[in-house]
Amino acid sequence: MCLRMLSAACTAGGIAAYGLTDMAVTPSALVKCNMQIDPAKYQSISSGFGVVLKEQGARGFFRGWVPTLLGYSALAACKIGVSQFFKRYYSDIGGPEYATSGPDSLDLQGD
């Protein structure tokens with residue numbers, strides 16, 4: 001697989017792994033934050049979901065999804081896509097014998 005395709009595949013996989021999963025747990029994070037702000041009103045997770053649904057409707061659970069998706073997707077693109085790019089780039093420079101061996105097998109002293 002060429003370097004660009006590998007980086008794009010890793011970036012897309014990272015976005016799916018980070019961005020979508022963190023976006024999916026945003027409603028529970030929203031309730032948790034509300035519990036920290038007003039513990040008398042939001043006494044438990046289940047009652048907190050009920051309070052949000054009653055006061056804000058179903059739309060209240062979708063608050064914060066877009067920034068979470070964009071933020072964690074950008075993080076994943078940099079963290080996974082860029083790191084895979086450099087792993088492949090430098091393993092190609094070092095050659096196949098160094099790309100598959102661990103750091104313990106390298107003779108760095110020149111003995």
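By convention here, the first residue in the shown sequence is residue 1.
The line from CH2 of W65 to CG of D22 is 12.5 Å long, rounded to the nearest 0.5 Å.
The shortest heavy-atom contact between A76 and G14 is CB-O, 3.1 Å. Looking at every heavy atom in both residues, G60 comes nearest to Q56 through CA-OE1, 3.2 Å. Summarising the geometry of T11 relative to A77, their closest heavy-atom pair is CG2-CB, 3.6 Å, with the distance given to 0.1 Å. Minimum heavy-atom separation, A24 to P27: O-CD, 3.5 Å. In plain terms, the two heavy atoms of M35 and Q43 that are nearest each other are CE-O, 4.1 Å.
By the side-chain contact (heavy atoms from CB on, under 4.5 Å) test, Y90 is found to be paired with F86, I93, residues two or more places apart in sequence or in another chain being considered. Residues that satisfy the ring-ring contact (aromatic ring centres under 6.0 Å, His included) test with Y42, not counting sequence neighbours, are absent from this structure.
Checked against Y18 for a side-chain contact (heavy atoms from CB on, under 4.5 Å), the options L75, T68, L69 give a single hit: L75.
Between K54 and V51 the shortest side-chain heavy-atom distance does not fall below 4.5 Å. Annotation: side chain of Y72 is not in contact with side chain of T21 (no heavy-atom distance under 4.5 Å).
Residue pairs satisfying the side-chain hydrogen bond (donor to acceptor under 3.5 Å, both in side chains) criterion with at least one member in residues 26-37, sequence neighbours excluded, are absent.
Cluster annotation: F49 and V25 are assigned to distinct hydrophobic clusters (Ile/Leu/Val/Met/Phe/Trp/Tyr, side-chain heavy-atom contacts under 4.5 Å, transitive). Under the 4.5 Å side-chain heavy-atom criterion for Ile, Leu, Val, Met, Phe, Trp and Tyr, F62 and L30 are members of distinct hydrophobic clusters.
Side-chain atoms of E55 do not come within 3.5 Å of backbone N or O of V52 as any donor-acceptor pair.
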